[in-house]
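What you are looking at is a predicted structure, and each value in this text was computed from that prediction instead of being measured.
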Amino acid sequence: MATDTVTEVFEEHRPVLMGVAYRMLGRVADAEDVVQEAWLRWSGADRSDVREPRAYLVRITTRLALDRLRQARARNEAYVGPWLPEPYVTDFGDAVPDTAERAVLADSVSLAVLVVLESLSPLERAVFVLREAFGYPYAEIAVTLDRSEPAVRQLAGRARRHVEERRPRYEVDPVERRDLTERFLAAATEGDLEGLMSLLAPDVRLIGDSGGLAPAPVRVIESADKVGRFLGGVMRKGVSDATFRLLEVNGGPAFLVLSGDKPDSVFQLDVADGRVQCVYIIRNPQKLLSLAVD
């Protein structure tokens, strides 16, 4: 296989490999490292027996991500405050034209689902990602993980039950979610606390992630009154030289707060029945590096 062809084949499958690695790890930088390592393995391998490059590359990427995920467990145990995935800018574009497939991919990369995936074992997470997000057959997953097919089916069933028990139990309307995100941002930037409060569900939750490296709640805040008071304090304090940018992260609308040209925080909302059910705030500067403005 010519060098140009080797590169072209890898680049063709890079989005899938990045999608697998990120869903496995919840960290953009780690996922990029895994994909780079997969490229090194691919470019240096004997490819004479490789009949399906995509399957081969997904197998390499999954195994590398599994190794890194096992190493990351100890790091997460020492994390300060709630943990949220690193924001991942998603734009499926024309690559995923089917509405149903797009919805599955968006859900599998959502903050809420990725938080639940953190509680799975590494093998359960790998099986869930390959089966539920990308639709791989059990037999192919078994080869990828070097496990028997019955064992993979058992892992898949256990992981699916775990996720279903813990994931949010409301349907997300993309149009409604974007509308509430824009109204939430408008109320916040105008200092309209009453307008902001009107958007919150009575049992709304606020989850902030700073890793102890920036001001943020160290516990989950619950109820409209407490969340409203916290957001009111944030609005009064403000961010120096703040600007705001709407973007799509983790399959849904969000807004990036910039202080000058540096990312300060990312806000994303889960919504249902016309109200905000959960507010996610990511302020860990290490998790905002990929959102830096050139």
Side-chain angles (χ1 to χ4, degrees), residues 15 18-19 22 26 28 84-96 99 102-103 105-115 168 170-201 204-210 214 216 227-228 230-232 234-235 237-294:
M18 186 65 189
Y22 176 75
V28 175
L84 291 172
E86 183 178 344
Y88 180 43
V89 177
T90 48
D91 181 6
F92 301 121
D94 296 332
V96 189
T99 302
R102 184 182 295 263
L105 284 172
D107 181 62
S108 70
V109 82
S110 71
L111 295 181
V113 168
L114 289 175
V115 168
Y170 43 78
E171 296 294 327
V172 178
D173 181 334
V175 176
E176 179 184 56
R177 191 179 185 191
R178 183 170 185 85
D179 176 62
L180 260 71
T181 299
E182 292 175 347
R183 289 163 59 192
F184 186 99
L185 175 57
T189 54
E190 294 166 8
D192 180 7
L193 181 57
E194 184 177 345
L196 201 61
M197 290 289 294
S198 70
L199 302 177
L200 304 179
V204 63
R205 303 166 73 236
L206 184 145
I207 305 173
D209 175 343
S210 72
V227 170
F230 173 82
L231 292 172
V234 171
M235 289 190 299
K237 184 177 180 181
V239 174
S240 175
D241 195 20
T243 56
F244 304 86
R245 177 177 299 181
L246 277 167
L247 68 167
E248 181 181 290
V249 300
N250 295 83
F255 59 90
L256 170 65
V257 182
L258 295 158
S259 178
D261 60 352
K262 295 182 179 180
D264 175 85
S265 50
V266 167
F267 283 68
Q268 189 170 64
L269 314 175
D270 276 344
V271 306
D273 301 323
R275 295 290 186 91
V276 177
Q277 307 292 330
C278 187
V279 181
Y280 301 101
I281 307 176
I282 301 172
R283 300 209 66 215
N284 185 335
Q286 296 177 351
K287 294 186 177 183
L288 302 177
L289 293 175
S290 64
L291 303 177
V293 178
D294 296 328

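Considering only residues two or more places apart in sequence or on other chains, R275 meets the side-chain contact (heavy atoms from CB on, under 4.5 Å) condition with A201, P202, Q277. In terms of the side-chain hydrogen bond (donor to acceptor under 3.5 Å, both in side chains) criterion, Q286 has no residue partners (sequence neighbours excluded). For Y22, the ring-ring contact (aromatic ring centres under 6.0 Å, His included) partners are Y88, not counting sequence neighbours. Listed by chain and number, the residues in a side-chain hydrogen bond (donor to acceptor under 3.5 Å, both in side chains) with N284 are Y79 (sequence neighbours excluded). Annotation: side-chain contact (heavy atoms from CB on, under 4.5 Å) contacts of T189 (sequence neighbours excluded): L185, F244. Partners of T243 by side-chain contact (heavy atoms from CB on, under 4.5 Å), not counting sequence neighbours, listed by chain and number: L258. Shown here are the salt bridge (charged side-chain N to carboxylate O under 4.0 Å, His left out) partners of R177, two or more places apart in sequence or in another chain: D270. Scored by the side-chain hydrogen bond (donor to acceptor under 3.5 Å, both in side chains) test, D179 finds R183 as partners (sequence neighbours excluded). Among residues two or more places apart in sequence or in another chain, the ring-ring contact (aromatic ring centres under 6.0 Å, His included) test is passed with F184 by none. The salt bridge (charged side-chain N to carboxylate O under 4.0 Å, His left out) check on E190 picks up nothing, with sequence neighbours excluded. The side-chain contact (heavy atoms from CB on, under 4.5 Å) check on D241 picks up nothing, with sequence neighbours excluded.
Taking 4.5 Å as the limit, some side-chain heavy atom of D264 sits within range of a side-chain heavy atom of R283. Residues M18 and V28 are in side-chain contact: their nearest non-hydrogen atoms beyond the backbone lie under 4.5 Å apart. Looking only at side-chain heavy atoms (C-beta outward), I281 and F230 come within less than 4.5 Å of each other.
With hydrogens and angles disregarded, a donor-acceptor distance shorter than 3.5 Å links the side chain of Q268 to the backbone of P253.
The list of ring-ring contact (aromatic ring centres under 6.0 Å, His included) pairs with a residue in residues 250-271, not counting sequence neighbours, reads F255-F267.
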